[in-house]
A.B. asks: 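Input: one structure, supplied below.
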Amino acid sequence: MIVTGTGDTVPAAQEEARARARNVVAPELRWRGDIGDRFLNGERERLRALGWLG
């Protein structure tokens, strides 16, 4: 299962995804909580410098 979230900002999308994931009930459920963190911690500037972001 993949749970995603959307929002006007990366933190908003992360929170929406986490809120949706909290509603899932499954034995031995595990999830990644770091999705988007690299983007917020410097990757955005790197992608902008490469011309991938406006």
Side-chain angles (χ1 to χ4, degrees):
M1 170 187 287
I2 298 172
V3 178
T4 60
T6 59
D8 291 336
T9 64
V10 173
Q14 287 177 316
E15 182 51 39
E16 184 177 299
R18 289 182 183 118
R20 289 178 177 179
R22 283 191 288 270
N23 292 322
V24 176
V25 178
E28 300 182 40
L29 179 68
R30 291 177 274 165
W31 66 85
R32 289 184 58 181
D34 63 323
I35 304 299
D37 288 347
R38 261 186 21 195
F39 181 79
L40 292 173
N41 294 321
E43 195 70 12
R44 177 186 334 200
E45 289 77 21
R46 181 174 176 267
L47 294 174
R48 192 170 282 136
L50 291 171
W52 291 15
L53 297 177

A.B. asks: Between Gly7 and Ala12, what is the shortest heavy-atom contact and its length?
C.D. replies: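 Scanning both residues completely, I find the closest heavy atoms to be CA-CB, 4.2 Å.
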A.B. asks: Any idea which heavy atoms bring Ala17 and Gly5 closest together, and the distance?
C.D. replies: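 The answer is CB-N, 3.6 Å.
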A.B. asks: Specify the closest pair of heavy atoms between Gly33 and Asp37, including all atoms of both residues, with the distance to one decimal.
C.D. replies: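 Looking at all heavy atoms of both residues, the shortest contact is O-OD2, 4.0 Å.
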A.B. asks: Roughly how far, to the nearest 0.5 Å, is CZ of Arg46 from CZ of Phe39?
C.D. replies: 12.5 Å
A.B. asks: Verify the cluster assignment for Leu40 and Ile35: are they in a single hydrophobic cluster under the rule of side-chain heavy atoms below 4.5 Å apart?
C.D. replies: no
A.B. asks: Determine whether more than 12 heavy atoms belonging to other residues, nucleotides or ligands lie under 6.0 Å from atom CZ of Arg38.
C.D. replies: no
A.B. asks: Can you name the nearest heavy-atom pair linking Thr4 to Arg20, along with the distance?
C.D. replies: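 Here Thr4 and Arg20 meet closest at O-NH1, 2.9 Å.
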A.B. asks: When you look at CG of Asp34, are more than 12 heavy atoms from neighbouring residues, nucleotides or ligands closer to it than 6.0 Å?
C.D. replies: yes
A.B. asks: Looking only at heavy atoms, what is the nearest atom pair of Val10 and Gly36, with distance?
C.D. replies: CG1-O, 4.0 Å
A.B. asks: Could you state the interatomic distance from CD (Glu16) to CD (Gln14), rounded to the nearest 0.5 Å?
C.D. replies: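 One gets 12.0 Å once the value is rounded to the nearest 0.5 Å.
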